[in-house]
2 protein chains.
Amino acid sequence: MPDLFIFAVAIHRASISDLAAQLNLSVSTVSRALSNHSRISDATKQRVWELARQLHYQPNHLAAALRKGRSNTLGLVIPHIDGQFFALVVKGIETVANQAGFNIMICQSNEKVAQERKNIAALLNAQVDGILVSLSLSTHDFQHLDEVRRRGIPLVFFDRIMESAQVSAVVLDDYQGGYDAVSHLLDQGCQRIAHLGGPQHLNICKNRFKGYTDALQSYNCPIDPALIHFSDLSMQDGRDGMGILLRQAPDLDGVFACNDLALVGAMQMVKQQGLRIPQDVALAGFSNELFDSLTEPMLTSVDQRCEEMGQTAVQMLLDMIAAGDQTLTPRHVVLQPTLLVRESSQRNPFA
Amino acid sequence: MPDLFIFAVAIHRASISDLAAQLNLSVSTVSRALSNHSRISDATKQRVWELARQLHYQPNHLAAALRKGRSNTLGLVIPHIDGQFFALVVKGIETVANQAGFNIMICQSNEKVAQERKNIAALLNAQVDGILVSLSLSTHDFQHLDEVRRRGIPLVFFDRIMESAQVSAVVLDDYQGGYDAVSHLLDQGCQRIAHLGGPQHLNICKNRFKGYTDALQSYNCPIDPALIHFSDLSMQDGRDGMGILLRQAPDLDGVFACNDLALVGAMQMVKQQGLRIPQDVALAGFSNELFDSLTEPMLTSVDQRCEEMGQTAVQMLLDMIAAGDQTLTPRHVVLQPTLLVRESSQRNPFA
DNA sequence: ATGAAAGCGCTAACAG
DNA sequence: CTGTTAGCGCTTTCAT
C-alpha cells in the first residue's frame with residue numbers, strides 16, 4: 001500500500017535518530033554536527049546538514065529543554081496591554097529577547113493581585129527561565145514573588161516595582177518627571193497647582209507625588225491638601241477628582257496628573273466648567289499616551305522611554321540567567337524622563 | 001556537614017520519583033494519584049498529596065509535554081499590539097485559553113512578512129499546539145502558513161485572513177460595517193462621500209471598500225474615482241490622503257475611512273482647511289479606538305467586537321486541537337459590527 | 001573524530 | 001488498586 005506509506009513519511013517529524021539511521025552515524029555525532037561542534041569533521045557536518053534540510057528536520061525544543069533544564073522562554077507579567085506604555089515596553093522586550101533566542105510568554109494581571117498570582121504560577125509551571133514583572137495596582141503582598149526567588153528563578157521588575165533593595169529593577173525617574181512637570185507649570189505662572197495622584201503604595205505614584213511637593217517647595221509654594229486628590233486614575237476618576245478639586249479650591253490654576261488617562265478626564269471637566277486651558281488652568285500629565293496629541297488642546301506629558309525600559313529590563317534578566325547560580329547583587333537602573341510640552345500648559349508661546 | 005545538606009534539600013526540586021521513594025510507592029502510582037486517577041485508593045491519594053504539599057512538589061511541565069507530545073501552549077501572531085483592537089482581542093484570547101489550561105505566546109510582526117515568518121518559525125520551534133494569526137499588511141504569499149498546516153498544526157485566522165476556503169477563521173462582517181457607516185452618512189444628507197481605503201489585498205480593506213461602493217449604489221449615488229484614495233492608513237497617510245481628496249474633489253461632504261488612525265489624520269486636515277465637522281464634512285471610521293471619544297468632535301466609528309473575536313478564535317482552535325487528526329472542515333465565523341454614531345457625523349441631533 | 005549509554009521527569013501501555 | 005517497563009528526543013559524559 002504505497003499511498004499509505006507516502007502519507008506516513010509526509011507526516012513523520014524527522015528526529016536526530018532518524019538522521020543518524022539514514023546516515024549510518026550515531027545520534028551523538030548528528031547532535032554535535034547540528035550544533036556545529038568543533039570536533040566533527042566538515043564532511044560529516046555537510047552530510048548531516050544536507051539531510052536535515054531535505055527532511056525538514058526541526059529540533060524538538062521541548063526535549064532539549066527537558067534535558068538542559070532550560071526552556072529558552074521568558075515570562076512577562078503586566079497590568080494590562082492597552083495604552084501606549086506597556087505596548088511599547090513589550091515591543092522593546094520582544095526585540096531583545098528574540099535576538100537572544102528567547103520566546104516570551106505574556107500575561108496580563110488586569111490590575112488584580114489574584115490574577116497576578118495565577119500568572120506567576122502559570123509561568124513557573126511553564127518552566128520559564130526568568131520572569132519580568134510590573135506590579136498590579138492591587139498588589140500589596142509579595143508572597144507569590146518571593147516564591148519565584150525561592151525557586152531560584154531570575155526575576156526583574158520594571159516600572160512598578162517591589163521596593164525592597166533585594167531585587168533587580170529598571171524604573172523611570174518618576175520623581176524627576178513629576179518635579180519637571182510641576183516646575184514647568186510654575187514657570188508658566190501657575191500659583192495653585194493641584195495633583196491627581198494614584199495609589200501611594202505604588203512607587204511610581206509615590207515618587208511622582210514627591211516630585212510634585214518638592215517642586216512646589218523649591219518655588220516656595222505652600223502644599224495645600226485641598227489641592228490634592230488620590231484615586232485609581234481611570235478617566236472617570238480623573239473627571240470626578242477634578243470636580244472635587246474645583247469645588248475644594250476654585251482658585252486652582254494648574255493640574256499635574258499622575259497619568260494621562262486621569263488627565264484627559266480632568267480636561268473634560270475643566271472644559272465643562274467653562275474654564276480655558278491653559279489660560280485659566282494649565283494641564284500636565286504622565287505617560288505620553290497616543291491620544292495626547294489628539295485632544296484639544298494637546299496635552300503636555302512626561303515621556304517614559306518605554307522601549308528602552310523594556311530592552312534594559314530583559315537585558316538584565318538575560319544577564320542574570322547567563323550568570324547562573326552566582327547570584328549577582330541586584331541592580332537598579334533609573335532612566336531619565338523627558339517632558340513634552342504641548343498646548344495644555346504652554347501659556348506663552350514665546351517663553 | 002549538616003549545613004550543606006540542608007542547603008541541598010532546600011534547593012532540590014522534588015520529582016515524582018522522589019515522592020515515590022519516600023512513600024514506598026511506584027512512580028506510576030504517584031503519577032496517577034497526582035492526576036487524581038480513579039483507580040487509586042483515596043488513602044494513597046491523601047498520602048501522596050500531603051507529601052507533595054510538604055515538599056512543594058511542582059510538576060515538570062516540560063517533561064509531560066515531551067512525553068505527551070503537547071506543550072499546552074498556543075501561539076499568537078498579530079501585526080502589532082498597540083491600539084485598542086488587538087489589545088482587546090488578546091485579552092479575549094488569554095481569558096479563554098487560560099481557562100482551558102493553555103498558555104499563550106504572543107509575537108508581533110510589526111506589519112512585516114519577514115518578521116511574521118520568523119514569528120511562525122519561533123512558534124513552531126517552541127512546539128505550540130496551535131497557532132492564531134492575523135496577517136501583516138505586507139503579507140502577500142503564504143508559504144510560511146502552508147508550512148504550519150503541512151506539519152499538521154491547527155491554525156486559525158482572525159480579522160486579517162488568508163482567503164482560501166481551506167482554513168478556519170473568524171472575521172467581522174467588514175462589508176456590513178462599511179455599508180452601515182456609509183448608509184449612515186448618506187442618511188445625514190451627504191452626497192459626495194470620499195473613501196480613505198487600505199491595501200486591497202487585505203480582506204478587511206477590500207470588504208469595507210465594497211461596503212462603501214454598494215451603499216452608494218443602493219442610494220443611487222455615483223462612484224467617483226476622484227473621491228477614492230488608498231494608502232497604508234497611518235495617521236499621516238490619512239492627513240495626506242485627505243489633502244489630496246480635497247484638492248481632487250473640493251465639493252466632498254463626507255468621508256468614510258478604513259480605520260480610525262487615518263480618520264483622525266483626515267480630521268486634522270479638514271479642520272486645518274477651515275471646514276466644519278460634521279456640517280461641511282461628516283466623518284466616519286472603523287475600529288472604535290479609545291481616542292475616538294477624546295477628539296473634537298468625537299468620531300463616529302464601527303465597533304469590531306474585539307474580545308468576542310478573540311474568544312471565538314481560540315475556542316475554534318481549542319476545538320481543532322481536541323479533535324486531533326480528524327481534520328474538521330474549516331469553519332468561518334462572521335461577527336456582526338455595530339456602528340457607533342458620534343458627533344463627527346451627527347448632523348441633526350434629533351434625526 | 002565518532003560512538004555507546006545514561007538520563008532529564010513524566011506518562012501509559014501492559015501486567016498483575 | 002498498584003507495579004514494571006519502555007520510551008518521548010535530546011545532550012553529554014566517558015570511552016575509543
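Worth saying up front: this structure is predicted, and the values here are computed from it rather than measured. Proteins come first, then strands; the chains are lettered A, B, ... in the order of their sequence lines, and each starts at number 1.
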Q) Do the non-hydrogen side-chain atoms of Ile131(B) and Leu124(B) ever get within less than 4.5 Å of each other? A) yes
Q | Distance in angstrom units between Arg13(A) CZ and dC8(D) C1', rounded | A | 12 Å
(Q) Please confirm whether the shortest side-chain N or O distance from Ser15(A) to OP1 or OP2 of dG9(D) is below 4.0 Å. (A) no
Q) Does any N or O donor sit under 3.5 Å from an N or O acceptor when you compare the side chain of Arg32(A) with the base of dG3(C)? A) yes
Q: Under 4.0 Å between any heavy atoms, over every strand shown, what does Ser28(A) touch: base, sugar-phosphate, or nothing? Just pick one.
A: base
Q: Return yes if a side-chain donor-acceptor contact under 3.5 Å exists between Asp319(A) and Gln315(A), otherwise no.
A: yes
Q) Want to settle it: does Asn60(B) or Ile40(A) sit nearer the 5' end of DNA chain C, counting the closest nucleotide to each? A) Ile40(A)
Q | Atom pair distance, as rounded to whole Å: CG in Leu23(B) and P in dC1(D) | A | 18 Å
(Q) As a test of reading the structure: which of dT11(C), dG9(C), dT13(D) is closest to the side chain of Val27(B), going by heavy atoms? (A) dT11(C)
Q: Would you indicate what Asp42(A) reaches in the nucleic acid, counting non-hydrogen atoms under 4.0 angstrom: base, sugar-phosphate, or nothing?
A: nothing
Q: Determine the contact category for Ile16(A): base if any of its heavy atoms lies under 4.0 Å from a base atom, sugar-phosphate if only primed atoms, P, OP1 or OP2 are that close, otherwise nothing.
A: sugar-phosphate
**Q.** Nearest to side-chain heavy atoms of Leu25(A), which nucleotide of dG3(D), dG9(D), dG3(C)
**A.** dG3(C)
(Q) Using side-chain heavy atoms (C-beta onward) and a distance below 4.5 Å, is Leu76(B) in contact with Phe158(B)? (A) yes
Q: Calculate the interatomic distance between Leu19(B) atom CG and dG9(C) atom P; express it in whole Å.
A: 12 Å
Q: Please report the closest heavy-atom contact between Ala169(B) and Val156(B), naming both atoms and the distance.
A: CA-CG1, 4.4 Å
Q. Just how far, in rounded Å, is P of dA12(C) from CG of Leu66(B)?
A. 13 Å
Q. With a non-hydrogen cut-off below 4.0 angstrom, is Ser35(B) in contact with a base, only sugar-phosphate, or nothing?
A. nothing
Q.
Base, sugar-phosphate or nothing for Ser31(B)? Non-hydrogen atoms, less than 4.0 Å.
A. base
Q | Under 4.0 angstrom between Thr29(A) side-chain N/O and dG3(C) OP1 or OP2 | A | yes
Q) What's the CG-P distance between Leu34(B) and dA12(C), to the nearest Å? A) 13 Å
Q) Whole-Å distance between dC1(D) C1' and Asn36(B) CG? A) 14 Å
Q) To the nearest Å, how far apart are Asp18(B) CG and dC8(C) P? A) 10 Å
Q. Any idea which of dC8(D), dC10(D), dA1(C) is nearest the Ser41(A) side chain?
A. dA1(C)
Q) Any side-chain N or O of Tyr57(B) less than 4.0 Å from the OP1 or OP2 oxygen of dC10(C)? A) yes
Q) Once you round it to whole Å, what is the distance between P of dC10(D) and NE2 of His61(A)? A) 11 Å
**Q.** Pairwise side-chain contact, Leu145(A) with Leu135(A), heavy-atom cut-off 4.5 Å (strictly under)
**A.** yes
(Q) Which is more 5' along DNA chain D, the nucleotide nearest Thr44(B) or the one nearest Leu62(A)? Just name the residue. (A) Thr44(B)
**Q.** Steps toward salt bridge (Lys or Arg N to Asp or Glu O under 4.0 Å) verdict (Lys91(B), Glu94(B))
**A.** CA-CA 5 Å; Lys91(B) 184 176 286 184; Glu94(B) 265 189 344; over 6 Å; no
